[in-house]
Amino acid sequence: MRSNTVKKGVERTAHRALLKATGITDGDMDKPFIGVANAYNDIVPGHMMLDKLTKAVREGICSAGGVPFEFGVIGICDGIAMGHEGMRYALASRELIADTIEAMVEAHRFDGIVMVGACDKIVPGMLMALLRLDIPAIVVTGGPMLAEKVNGKTVTIKTAFEAAGEFKAGRISEEKLKLYEDFCAPYCGSCQGLYTANTMQLLTETLGLSLPYCSTSPCGSSRKLRIAKMSGVRIMELVKNDIKPSDIVTEESFKNAIVMDMLVGGSTNTVLHLPAIANEAGIKLSLDLFDEISRKTPHIVSIDPASEFTIADLDESGGVPMLIKKARKYFSNEMTVSGMKIYEIADRAFVRNKDIIAEVDNPIHSEGGIAILRGNLAEKGCVVKQSAVSEDMMNFEGYAKVYDSEQEALKAILNNCIEEGDVVVIRYMGPKGAPGMPEMLLPTAAISGMGLKRVALITDGRFSGATRGPCIGHVSPEAMVGGTIALVEEGDRIEIDITKRKIELKVSEDELKDRREKWRKPERELKGYLRRYAELVRGADEGAVLG
């Protein structure tokens with residue numbers, strides 16, 4: 001056992017004394033030591049029940065003959081961080097999470113690790129650490145928030161974000177605005193729709209790193225508690241048999257995760273997170289691979305923000321196992337931490353209520369949820385959630401309205417400075433430029449809330465999974481390194497053709513050359529972690545990893 005390094009031999013007398021200070025007995029010294037990385041806090045709705053899940057995990061570990069050691073993991077709520085300086089820390093926190101888990105596990109020589117987390121950057125950071133450490137491991141994801149209804153209509157956190165624009169445009173009353181504030185996030189859990197948090201939980205299960213139905217079982221449910229306890233038991237079996245993540249997760253597993261992403265129309269942030277996670281396993285996932293899989297994978301379930309269905313509806317429809325069962329031919333039959341391969345799990349899938357998953361021969365869309373565009377405005381690529389774009393906006397040409405910050409753009413939108421036919425360009429929002437690549441949910445929600453139908457948004461930042469419409473992010477190279485997006489001027493024509501995977505700035509090469517010679521990189525006064533992050537972070541096309 002790895003833990004023998006800190007508990008066996010005369011020379012470890014002081015180590016045992018310190019362990020006994022925590023309540024460890026002589027008998028415990030012969031048992032496997034299991035780390036439990038707990039992202040519980042009481043400011044993030046998706047985390048406020050993780051203490052109870054962690055307790056169930058610990059009970060499972062103890063019942064199976066192990067000794068659990070719990071330690072804390074930071075977690076930022078992207079929704080609360082949205083639209084201000086705090087959002088620059090959200091993506092950057094992913095690397096902190098991975099690094100601190102690595103430090104805790106390696107310093108204390110745990111024999112196995114259970115990661116209990118939820119929400120946007122926490123799960124990706126945990127998965128990065130899991131593959132980097134490569135010791136027996138299992139993930140317990142916190143699960144989705146349930147939704148309430150207002151006036152008979154399902155409301156989600158997306159509704160609340162869009163309500164500000166609706167109120168500003170005079171489309172809803174102050175009383176309705178208050179109703180949304182009070183009922184759009186009514187329970188614990190990751191926000192109800194197919195945003196980044198729930199997308200990453202689905203993909204964790206697809207990768208084989210959590211038990212069946214873990215990703216869709218609602219937060220606070222007894223079923224989630226049982227899965228947590230079973231995960232505690234299962235980690236002991238993984239330790240006993242020395243089954244590591246590298247024995248489970250392969251390149252084909254990552255392709256399965258991309259297939260799942262396309263089937264469900266998941267968040268565009270997966271194009272950042274999956275390559276970063278795969279990188280820890282020595283696997284390279286290119287943007288071209290995402291587009292290749294998207295071209296041949298149908299979109300078979302539509303979930304908020306693309307519809308009124310939520311993750312709870314997907315759970316009642318059979319969750320990840322049913323999606324794999326219906327789309328089996330698109331998946332490779334890989335192993336999972338449960339000890340079963342994904343086909344075996346899929347064969348046991350069942351529907352409990354209305355089935356919202358379409359058949360693959362009669363899909364919602366013939367292509368997957370995400371498309372990768374290229375052109376002179378994004379030579380290294382950019383990303384759009386095509387499953388949330390209306391048919392009449394798949395091919396669009398408009399005139400640029402250019403902003404060098406999210407706040408400038410949001411002010412212009414809410415002050416009626418944006419008109420139908422405009423292309424809102426928000427730049428210097430990339431990994432280095434912001435730094436931290438903040439999400440542009442407030443501007444996109446404001447556009448929707450204001451009732452604007454024919455407006456596109458382009459940024460070298462990124463979007464929340466709650467974003468809908470022709471919103472194109474991750475433009476690479478970013479403005480801060482001199483990408484073409486830095487050269488766009490007010491009134492330039494921009495063509496977007498999602499079907500042809502094309503994005504073009506309609507400016508001559510000579511004019512662009514002239515603008516590039518005049519361009520100067522803006523200065524940013526940074527300190528602390530963000531200064532170090534900006535120096536080390538790579539482009540969005542490489543997953544915004546540090547290196």
Participant: For the CE atom of M394 and the CD atom of Q386, what is their distance to the nearest 0.5 Å?
Facilitator: 4.5 Å

Participant: Hey, is the main chain of G368 close enough, under 3.5 Å, to the side chain of T297 for a donor-acceptor pair?
Facilitator: no

Participant: Using modelled atom types and a 3.5 Å cut-off, is there a donor and acceptor pairing between side-chain atoms of T100 and backbone atoms of I97?
Facilitator: yes

Participant: Take T154 and K149 through the side-chain hydrogen bond (donor to acceptor under 3.5 Å, both in side chains) test and state the conclusion after the steps.
Facilitator: CA-CA 4 Å; T154 299; K149 286 182 166 40; 3.3 Å; yes

Participant: Do S231 side-chain atoms and I227 backbone N/O form a donor-acceptor pair below 3.5 Å?
Facilitator: yes

Participant: Going by the salt bridge (Lys or Arg N to Asp or Glu O under 4.0 Å) test, which pairs reach into residues 163-177, not counting sequence neighbours?
Facilitator: none

Participant: Minimum heavy-atom separation for S338 and P212, please, with both atom names.
Facilitator: CB-CD, 4.0 Å

Participant: Are a donor atom and an acceptor atom from the side chains of Y195 and S190 found within less than 3.5 Å of each other?
Facilitator: no

Participant: Which residue pairs pass the salt bridge (Lys or Arg N to Asp or Glu O under 4.0 Å) test with at least one member in residues 117-130, sequence neighbours excluded?
Facilitator: D78-K121

Participant: Backbone N or O of G208 within a donor-acceptor pair of the E334 side chain at under 3.5 Å?
Facilitator: no

Participant: List the steps, then state whether side-chain contact (heavy atoms from CB on, under 4.5 Å) holds for L211 with M230.
Facilitator: CA-CA 8 Å; L211 293 182; M230 289 188 292; 3.8 Å; yes

Participant: Could you go through E439 and N269, starting from their C-alpha distance and side-chain angles, then the distance that decides it, and tell me whether this counts as side-chain contact (heavy atoms from CB on, under 4.5 Å)?
Facilitator: CA-CA 10 Å; E439 292 180 346; N269 282 315; 3.1 Å; yes

Participant: Which class fits the ring pair Y213 and F350: parallel under 30°, tilted 30 to 60°, perpendicular over 60°?
Facilitator: tilted

Participant: With no hydrogens and no angle check, is any side-chain donor or acceptor of Y533 less than 3.5 Å from a backbone partner on E95?
Facilitator: no

Participant: Let me see the working for R223 and D315 under side-chain contact (heavy atoms from CB on, under 4.5 Å), right down to the final yes or no.
Facilitator: CA-CA 12 Å; R223 184 186 189 198; D315 186 56; 2.9 Å; yes

Participant: Please determine whether the number of non-hydrogen atoms from other residues, nucleotides or ligands lying under 6.0 Å from atom CZ of F183 exceeds 12.
Facilitator: no

Participant: Could you tell me which non-hydrogen atom of P68 sits nearest to which non-hydrogen atom of V36, and how far apart they are?
Facilitator: CB-CG2, 4.1 Å

Participant: Do any N or O atoms from the side chain of S267 and from the backbone of T270 form a donor-acceptor pair under 3.5 angstrom?
Facilitator: no

Participant: If you count heavy atoms of other groups shown closer than 6.0 angstrom to NZ of K55, is the number above 12?
Facilitator: no

Participant: With rounding to the nearest 0.5 angstrom, report the CD1 to CD distance, I498 to E391.
Facilitator: 9.5 Å

Participant: Taking E359 first and then K326, would you say they form a salt bridge - that is, a charged N and a carboxylate O separated by under 4.0 Å?
Facilitator: yes

Participant: Heavy-atom count check: over 12 atoms from other residues, nucleotides or ligands less than 6.0 Å from K325 NZ?
Facilitator: yes

Participant: Give the minimum heavy-atom separation between I356 and L314, together with the two atoms involved.
Facilitator: CD1-N, 3.9 Å

Participant: Taking the side chain from Q192 and the backbone from C184, do they hold a donor-acceptor pair closer than 3.5 Å?
Facilitator: yes

Participant: Between the side chains of K401 and D422, is the shortest nitrogen-to-carboxylate-oxygen separation below 4.0 Å, so that they form an ion pair?
Facilitator: yes

Participant: Evaluate the criterion side-chain contact (heavy atoms from CB on, under 4.5 Å) for residue pair L207 and M260; output intermediate values, then yes/no.
Facilitator: CA-CA 10 Å; L207 282 167; M260 181 60 70; over 6 Å; no

Participant: Find the distance between OG (S464) and NZ (K158) and round it off to the nearest 0.5 Å.
Facilitator: 11.0 Å

Participant: Output all residues satisfying side chain to side chain donor-acceptor pair (under 3.5 Å) with T310, sequence neighbours left out; order by chain, then residue number.
Facilitator: D313

Participant: Measure across L194 and P305 and return the closest heavy-atom pair with its distance rounded to 0.1 Å.
Facilitator: O-CD, 4.3 Å

Participant: Looking only at heavy atoms, which two atoms of L225 and A56 are closest? And how far apart?
Facilitator: O-CB, 3.7 Å

Participant: Considering only residues two or more places apart or on different chains, which pairs with a residue in residues 192-220 satisfy salt bridge (Lys or Arg N to Asp or Glu O under 4.0 Å)?
Facilitator: none

Participant: Hey, what do you get for CG (L131) to CZ (F254), rounding to the nearest 0.5 Å?
Facilitator: 5.5 Å

Participant: Salt bridge or not for D261 and K385, using N-O below 4.0 Å?
Facilitator: no

Participant: From L130 CG over to M115 CE, what is the distance, rounded to the nearest 0.5 angstrom?
Facilitator: 4.5 Å

Participant: Looking only at heavy atoms, what is the nearest atom pair of L53 and G142, with distance?
Facilitator: CD1-CA, 3.9 Å

Participant: Less than 3.5 Å apart, any donor N or O on the side chain of T54 or R58 sitting next to an acceptor on the other?
Facilitator: no

Participant: Applying side chain to side chain donor-acceptor pair (under 3.5 Å), can you list everything that pairs with N256, at least two apart in sequence or on another chain?
Facilitator: none

Participant: Once salt bridge (Lys or Arg N to Asp or Glu O under 4.0 Å) is applied, what residue pairs with a partner in residues 180-194 remain, sequence neighbours excluded?
Facilitator: K178-D182

Participant: How far does OG of S448 sit from CD of E162, to the nearest 0.5 angstrom?
Facilitator: 3.5 Å

